[in-house]
Amino acid sequence: MNGKNDKRPINFIETIIEEDRRKGKNDGRVHTRFPPEPNGYLHIGHAKSICLNFGLAEKYGGLCNLRFDDTNPTKESVEYIESIKHDVRWLGFDWEERLYYASDYFEKMVKYAEQLIREGKAYVDDSTADEIREYRGTLTQPGKESPWRNRSIEENLELFQRMKSGEYPDGSRVLRAKIDMGSSNLNMRDPVMYRILHAAHPRTGKKWCIYPMYDWAHGLEDSIEKITHSICTLEFEDHRPLYDWFLDQLRVFHPRQIEFARLNLTYTVMSKRKLLDLVQSGEVQGWDDPRMPTLSGLRRRGYTPSSIRQFADRIGVAKRDSTVDIALLEYCIREELNAQARRFMAVLRPLKVIITNYPEGRVEKLEAVNNPEDPSAGTRKIPFSREIYIERDDFMQDPPKKFYRLAPGREIRLRYAYFITCEKVIRNEAGEIEALHCTYDPATRGGDAPDNRRVKATLHWVSVPHARNAEVRLYDRLFDVEYPEADKSVSFKAHLNRHSLEVIDQAKLEPALFETGDERVQFERLGYFIRDPDSRPNRPVYNRIITLRDAWARIREKQPPPEERRVQTAGTVRGDSEERMNEITIDDFRKIDLRAGRVVKASLVEGADKLLSLQVDVGEETPRQIFAGIRSAFPEPEVLVGKMVIVAVNLAPRKMRFGVSHGMILAGTGEGRLSLATFSGDAEPGDSVT
RNA sequence: UGGGGCGUCGUCAAGCGGUAAGACACAGGAUUUUGGAUCCUGCAUUCGGAGGUUCGAAUCCUCCCGCCCCAGCCA
């Protein structure tokens with residue numbers, strides 16, 4: 001796609017292709033295909049395959065077909081066919097006139113099957129599915145030959161003919177290849193070629209009642225299309241001997257199957273089954289929910305095709321199982337949007353600021369740069385007035401050391417406008433901050449101080465009378481652990497990030513946003529956003545594609561402000577600095593809310609030698625997820641299930657590599673061993689412990 | 001205890017007998033009217049482990065260990 005990949009080190013598939021070409025195989029021709037089964041929506045894992053197949057064809061001056069592997073009518077539909085075509089096209093690939101369907105070859109496949117029967121290499125088996133399974137043997141024991149294996153060629157031909165013409169019910173007979181029931185490769189133990197399925201096919205309707213199995217069909221499809229390199233995922237490696245066997249027996253054009261590792265991404269799941277589960281259980285709002293790793297989801301989220309291609313290019317292709325850090329995907333879209341997206345100002349959680357020395361009724365139009373990365377994007381005018389909104393997060397009454405935004409008495413810059421100083425905090429009866437009274441320095445118009453004095457922060461803002469309301473949907477990662485599927489004893493859904501969507505319904509936008517045709521924009525200091533199709537003329541809806549990198553957020557996490565300061569207890573995972581430990585006062589300690597909790601689930605955390613993952617019932621709706629560094633004391637965590645423990649419940653949730661820990665278990669060390677603080681008696685989960 | 005595949009930085013990933021690329025992440029600094037961007041700097045004396053061959057091994061050999069896949073009339 002981006003033609004620059006010929007300089008970079010090549011992957012093992014390109015090595016194979018180049019070797020084949022050197023030897024003059026297929027006259028140097030390269031012809032690949034992307035062969036989806038139309039039984040679901042495409043996701044970013046498919047994008048890897050699409051980019052690989054189409055990319056290889058392009059790199060070597062070859063072709064890539066789009067072929068639907070529609071051999072199982074019970075699971076497939078035209079809806080999926082259409083969505084897949086749309087997604088491939090959207091990704092930026094063109095199959096030209098080469099759109100094929102396995103079902104187009106059904107007639108030919110039957111002819112080939114009859115050829116095998118005539119050569120004594122296939123037979124009709126009357127066994128039931130259960131019998132076939134039984135006779136197949138196990139991983140360690142060879143299979144047994146079916147009693148129907150040695151029928152005459154004539155009888156097989158006759159029976160197959162009748163299977164095809166619909167004389168038999170579903171499941172009553174199959175056509176099998178006669179290979180080797182003793183093979184150590186299960187796929188070679190007389191694999192099924194055809195099964196009877198009286199089902200209407202999305203394309204061939206009721207024409208057929210027998211349908212070919214993958215192993216039988218796929219190689220033929222590739223062969224018929226004269227595919228040179230048939231690229232698939234690792235789990236088909238075991239099938240390659242069978243792929244080769246069929247094509248060898250038939251003496252037809254023989255493509256080369258090459259397997260690569262499928263894509264896994266942190267903080268998400270990729271299997272069709274699990275994605276379907278999320279959709280059907282209503283955890284997300286559909287296949288195109290912006291949190292889904294589906295291409296339709298990523299599209300709605302605001303990812304560009306080129307950013308996904310860029311991602312596919314960067315992750316590489318190899319044979320080892322791997323899970324790519326989703327931060328790389330995020331990096332790819334930021335990189336592109338940083339260069340291209342125009343900047344605008346929007347305030348998500350407005351806090352009103354009244355500039356007391358600014359004349360009432362006056363409005364100025366201040367000039368703003370549209371994209372500092374791209375001078376050709378030009379400038380625009382932004383209205384400024386006596387009352388403006390700033391972000392609530394940009395003000396703190398009692399700021400911690402590293403917070404250098406607005407605070408009482410402090411001066412900051414309003415981007416492209418003026419320096420203002422906070423003079424007074426206005427609170428309502430409930431004591432909540434309602435507005436800020438500030439004064440501005442007229443000499444700083446545009447944002448530069450003539451005396452060169454400096455401010456530490458520049459804030460974005462929107463003029464109150466000019467602000468336009470909008471709905472903004474803040475999306476975040478779908479799961480709050482890197483590997484939602486790691487712990488097989490817990491449903492992956494237990495790790496859903498409950499904050500993956502936050503809807504802001506009264507965000508304040510600068511008016512220029514209504515004049516731009518740009519789909520994707522940057523809201524300064526917040527992130528990149530895209531207009532959602534749910535938008536109505538007076539009610540725009542924006543989706544957050546991705547936040548900007550946020551250095552402050554990282555500082556804040558490491559050094560929580562005083563009011564949120566957490567207390568450390570035994571059982572901490574890594575323990576924070578001594579400095580912090582020493583900061584705890586008796587008052588701090590009193591603030592810890594200790595509750596009785598019952599362990600309902602306990603398991604090891606893969607990849608951590610000290611941690612246990614616990615689900616603890618503390619009397620709330622759902623048990624809490626708590627990670628505790630007590631594995632050394634409980635190498636078999638199951639023994640903890642049912643035990644009562646003491647939990648600090650009002651600690652700020654702590655993000656850890658494996659997930660978020662909502663609380664801490666009291667434990668102690670002594671004599672070199674660690675033990676849990678527990679108790680007997682009749683406390684119920686949730687009871688206070690003193 | 002059958003067969004197939006894979007083990008190189010936190011995560012991807014080059015490397016194919018001549019002495020460990022790159023990217024993301026992370027950390028530090030410069031710069032900055034986005035705590036953004038940009039720019040520097042750092043980040044595997046070591047390639048799952050142990051032996052062996054060799055002047056020389058991540059690369060070759062042997063043994064061991066770990067992970068993934070396979071017992072659909074799914075793909």
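Computed from a predicted model, the values in this text were never measured in an experiment. Side-chain atoms are counted along with the backbone in the values below, which use heavy atoms only and exclude waters and symmetry mates.
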Handout entry: Atom P, compared across G18(B) and C60(B): separation rounded to whole Å
Key = 12 Å
Handout entry: C1' spacing across the pair C65(B) / A50(B), given as an integer number of angstrom
Key = 10 Å
Practice task
Give the rounded distance in Å between these two atoms: CD of Glu391(A) and P of G36(B).
Solution key: 17 Å
Handout entry: Pi-cation contact, Phe492(A) with Lys274(A) (under 6.0 Å, within 45°)
Key = yes
Exercise for the section: Pick base, sugar-phosphate or nothing for Val174(A), based on heavy-atom distances below 4.0 Å to the nucleic acid. Expected result: base
Completion exercise
When rounded to whole Å, the CD to C1' distance for the pair Glu76(A) and A75(B) reads 9 Å
Handout entry: Contact under 4.0 Å: Arg189(A) side-chain N or O vs A71(B) OP1/OP2
Key = no
Handout entry: Pairing partner (Watson-Crick or G-U wobble, both distances under 3.5 angstrom) of A50(B)
Key = U62(B)
Completion exercise
Checking A14(B), C74(B), U34(B) against the side chain of Ala318(A) (C-beta onward), the nearest is A14(B)
Exercise for the section: Between Arg445(A) and Leu139(A), just flag the one whose closest nucleotide in RNA chain B comes earlier from the 5' side. Expected result: Leu139(A)
Handout entry: Arg133(A) (side chain) and G72(B) (base): donor-acceptor pair under 3.5 Å
Key = no
Exercise for the section: Give Phe260(A) one of three labels, base, sugar-phosphate or nothing, depending on what nucleic acid heavy atoms sit under 4.0 Å from its own. Expected result: nothing
Exercise for the section: Could you tell me whether Arg173(A) contacts a base, only the sugar-phosphate backbone, or nothing, with contacts defined as non-hydrogen atoms closer than 4.0 Å? Expected result: nothing
Problem - Distance under 6.0 Å and angle within 45° of ring axis: Arg477(A) vs Tyr267(A) - result: yes
Problem - Trp552(A) over G35(B), stacked by centroid distance under 5.5 Å, angle under 30° - result: yes
Handout entry: Ring geometry between Phe384(A) and Tyr418(A) (parallel below 30°, tilted from 30 to 60°, perpendicular above 60°)
Key = tilted
Problem - Donor/acceptor link under 3.5 angstrom from Glu373(A) side chain onto base of G36(B) - result: yes
Problem - Value in whole Å for how far the P atom of C24(B) lies from CG of Asn338(A) - result: 14 Å
Exercise for the section: Mark yes or no for a side-chain to base donor-acceptor pair under 3.5 Å between Gln522(A) and U34(B), with no hydrogen or angle criteria applied. Expected result: yes
Fill in the blank from the handout: From CE of Met213(A) across to P of A71(B) the rounded distance in Å is 11 Å
Problem - Gap in Å between the two C1' atoms, one belonging to C39(B) and one to A75(B), rounded - result: 50 Å
Exercise for the section: Answer yes or no: does a side-chain N or O of Tyr214(A) lie under 4.0 Å from OP1 or OP2 of C74(B)? Expected result: no
Handout entry: Aromatic ring pairing Phe236(A)/His239(A), orientation class (parallel under 30°, perpendicular over 60°, tilted between)
Key = perpendicular
Exercise for the section: Could you work out the separation of A14(B) and G48(B) based on their P atoms and round it to a whole Å? Expected result: 15 Å
Handout entry: Selected nucleotide, minimal atom distance to Arg454(A) side chain, candidates U32(B), C69(B), G7(B)
Key = U32(B)
Problem - Contact under 4.0 Å: Arg262(A) side-chain N or O vs C68(B) OP1/OP2 - result: no
Exercise for the section: For G36(B) versus A44(B), give the span between their C1' atoms, rounded off to a whole number of Å. Expected result: 31 Å
Practice task
Report yes if a side-chain nitrogen or oxygen of Ser184(A) is closer than 4.0 Å to either non-bridging phosphate oxygen (OP1 or OP2) of G4(B); otherwise report no.
Solution key: no
Problem - Pair assignment for A57(B), Watson-Crick or G-U wobble, requiring both distances under 3.5 Å - result: none
Exercise for the section: Using only heavy-atom distances, decide whether a donor-acceptor pair under 3.5 angstrom links the side-chain of Asp550(A) to the base of G35(B). Expected result: no
Problem - is_close_aromatic(Phe344(A), Phe529(A)), centroid dist under 6.0 Å - result: no
Exercise for the section: Find which nucleotide of RNA chain B each of Phe523(A) and Ser127(A) is nearest to by heavy atoms, and output the residue with the more 5' nucleotide. Expected result: Phe523(A)
Problem - Rounded distance in Å between the P positions of C61(B) and U53(B) - result: 15 Å
Exercise for the section: For the residue pair Leu175(A) and Tyr123(A), establish whether any side-chain heavy-atom pair is separated by less than 4.5 Å. Expected result: no
Problem - Same-atom distance (P) from C16(B) to U59(B), integer angstrom - result: 12 Å
Completion exercise
Its glycosidic angle compared against 90° from 0, G36(B) adopts the form anti
Problem - Pair partner, C67(B) [Watson-Crick or wobble, under 3.5 Å] - result: G5(B)
Handout entry: Option passing salt bridge (Lys or Arg N to Asp or Glu O under 4.0 Å) with Asp190(A) (candidates Lys178(A), Arg149(A), Lys144(A))
Key = Arg149(A)
Practice task
To the nearest Å, give me how far apart CG (Asp394(A)) and P (G36(B)) are.
Solution key: 14 Å
Exercise for the section: Could you check how far CD of Glu557(A) sits from P of G35(B), rounded to whole Å? Expected result: 18 Å
Exercise for the section: Write down the distance separating the C1' atoms in C9(B) and C43(B), rounded off to the nearest Å. Expected result: 8 Å
Practice task
May I ask which nucleotide in the shown strands pairs with C24(B), Watson-Crick or G-U wobble, both distances under 3.5 Å?
Solution key: G10(B)
Practice task
Would you verify whether the NZ or CZ of Arg203(A) falls within 45 degrees of the ring axis of Phe68(A) while also being under 6.0 Å from that six-membered ring's centre?
Solution key: no
Problem - Partner nucleotide, any strand, of C74(B) [Watson-Crick/G-U, under 3.5 Å] - result: none
Practice task
Just compare A75(B), C12(B), C6(B) and give me whichever is closest to any side-chain atom of Arg320(A).
Solution key: C6(B)
Exercise for the section: Could you tell me whether the phosphate oxygens of C24(B), OP1 or OP2, come under 4.0 Å of any side-chain nitrogen or oxygen in Arg549(A)? Expected result: no
